[in-house]
2 protein chains.
Amino acid sequence: MSTMTIGKAARAAGVGIETIRFYERNGLIEQPPKPACGGFRVYPEDTVRRVRFIRQGQELGFSLRQIAELLSLKADPATDCSDVRRRAQAKLEEVDEKLARLTGIRAALEELIAACPGRGALRACSIMGALEGAEGAPMSPRQKEEKTL
Amino acid sequence: MSTMTIGKAARAAGVGIETIRFYERNGLIEQPPKPACGGFRVYPEDTVRRVRFIRQGQELGFSLRQIAELLSLKADPATDCSDVRRRAQAKLEEVDEKLARLTGIRAALEELIAACPGRGALRACSIMGALEGAEGAPMSPRQKEEKTL
DNA sequence: CTGCCATACGTACCATGATACGGAGTCAAG
DNA sequence: CTTGACTCCGTATCATGGTACGTATGGCAG
């Protein structure tokens with residue numbers, strides 16, 4: 001078992017070196033101390049586990065910030081399972097909202113495509129027409145929420 | 001119906017002034033020439049229509065870059081309705097892909113939540129177990145952590 | 001004429017999740 | 001001892017869609 005330098009840790013976790021460093025900079029993983037007598041930092045197995053935790057969380061749609069919260073919950077002996085469950089449930093609701101919005105978009109697109117003649121002059125195109133005219137709710141300057149997930 | 005300055009155009013289109021300028025910088029709308037004898041730029045009605053076009057496109061999930069393409073199609077007399085339709089169809093497929101991914105995430109979250117006892121010690125939490133990376137094996141024996149993030 | 005608000009413009013900054021680069025130091029094999 | 005691979009560190013860049021700030025000037029009401 002050779003000493004685990006950053007490159008090996010990265011390969012073990014299936015990410016790039018820069019990704020490890022990025023997580024360190026952002027407090028998601030701890031940077032091991034630099035050996036007193038100069039040399040390379042040695043990464044514990046835990047780092048690899050932690051990185052995998054992060055990637056798993058991303059797979060479930062958690063942002064890095066939310067994953068950081070989960071990680072600090074994990075580190076806190078007072079954390080109850082219900083804390084984690086609450087977060088998963090909140091995320092589920094978030095996902096449901098996104099699904100609803102996307103479904104709406106899908107329906108609108110499908111409707112437009114169905115109505116479009118599919119050939120001929122642009123002025124007859126119902127898709128362009130929809131983009132031109134239909135004034136929806138004015139959508140105040142500050143209203144946002146999309147995020148590709 | 002006085003001269004339309006940027007602020008009025010922005011209000012008419014339902015966006016902020018900075019948003020108009022942002023669209024100008026990015027070539028989505030054209031910046032009107034500055035009056036010869038000093039003064040404020042005057043925005044034509046078309047700017048307002050164009051901004052609304054952009055917002056409608058965003059509502060349908062098009063990125064600004066894609067909307068810019070739609071706008072230049074619109075400006076090109078050789079554009080056929082089928083060009084537009086093809087893009088809408090591609091976007092529909094994109095939306096379907098996102099829906100599929102989100103649906104998968106949803107299912108995974110729901111499954112985790114169902115399996116989670118909902119209270120008790122963290123080490124028994126199946127959600128944390130899943131994040132740990134034990135993809136087939138929930139419930140990893142034990143792990144110890146401290147370190148406050 | 002004097003405020004005051006609006007405009008013009010350039011630049012910097014926000015969040016998100018990385019990726020890339022350059023120069024110096026370190027380590028291990030040959 | 002040299003070479004090549006790897007590490008360290010700071011900084012810059014990417015894409016996305018804006019928001020904010022500072023300074024100078026324009027235009028209009030009082």
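Convention: sequence-line order gives letters A, B, ...; per-chain numbering from 1. Bear in mind the structure is a predicted one, so any value in this text is a computation, not a measurement.
For the pair F22(A) CZ and dA15(C) P, the interatomic distance rounds to 12 Å; values are reported in whole Å. Rounded to an integer number of Å, the gap from L64(A) CG to dT19(C) C1' is 14 Å. Between I67(B) atom CD1 and dG18(D) atom P the separation is 9 Å, expressed in whole Å. In this structure, E24(B) places its CD atom 9 Å from P of dC9(C), rounding to the nearest Å. In this structure, CZ of F62(A) is placed 17 Å from C1' of dT16(C), rounded to the nearest angstrom. Between the CD1 atom of I20(B) and the P atom of dA6(C) there is a distance of 16 Å, given to the nearest Å. Rounded to an integer number of Å, the gap from CD1 of I6(B) to P of dG26(D) is 17 Å. Nucleotide dG17(D) holds its P atom 11 Å from the CD1 atom of I54(B), rounded to whole Å.
The side chain of Q58(A) contributes no N or O atom lying less than 4.0 Å from OP1 or OP2 of dT16(C). At least one side-chain nitrogen or oxygen of R65(B) sits closer than 4.0 Å to the OP1 or OP2 atom of dT16(D). A sub-4.0 Å separation between OP1 or OP2 of dG17(D) and a side-chain N or O of Y23(B) is absent. For the OP1/OP2 pair of dC9(D) and a distance below 4.0 Å, the side-chain nitrogens and oxygens of R25(A) include no atom meeting the criterion. Phosphate contact (OP1/OP2 of dG17(D), side-chain N/O of T19(B), threshold under 4.0 Å): absent. For the OP1/OP2 pair of dC9(D) and a distance below 4.0 Å, the side-chain nitrogens and oxygens of Q31(A) include at least one atom meeting the criterion. In terms of phosphate contacts, K34(A) brings a side-chain nitrogen or oxygen within less than 4.0 Å of OP1 or OP2 of dC9(D). In this structure, R41(B) does not reach the dG26(D) phosphate: none of its side-chain N or O atoms is under 4.0 Å from OP1 or OP2. Using a 4.0 Å cut-off, no side-chain N or O of T5(A) falls inside it from OP1 or OP2 of dC6(D).
Within 4.0 Å of R21(A), counting heavy atoms only, lies at least one base atom of the nucleic acid. Within 4.0 Å of R55(A), counting heavy atoms only, lie sugar-phosphate atoms of the nucleic acid but no base atom. Residue contacts shown for G16(A) are absent, as no nucleic acid heavy atom lies under 4.0 Å away.
Closest to the side chain of F40(A), out of dC27(C), dG17(C), dA8(C), is dC27(C). Closest to the E18(B) side chain, of the nucleotides dT19(D), dT26(C), dT19(C), is dT19(D).
For the pair K8(A) and Y43(A), the cation-pi test (distance below 6.0 Å, angle within 45°) is failed. F53(B) carries K74(B) over the face of its six-membered ring, with the cationic atom under 6.0 Å from the centre and within 45° of the normal.
The residues E132(B) and R49(A) are annotated as not salt-bridged, no charged nitrogen and carboxylate oxygen being separated by less than 4.0 angstrom. Note on R106(B) versus D96(A): salt bridge recorded, some NZ/NE/NH1/NH2 to OD/OE distance being below 4.0 Å. Ionic pairing of E24(A) and R21(A) is not present here: no N-O contact between side-chain nitrogen and carboxylate oxygen is shorter than 4.0 angstrom.
Under the 4.5 Å side-chain criterion, counting only non-hydrogen atoms from C-beta, R41(B) is not in contact with I6(B).
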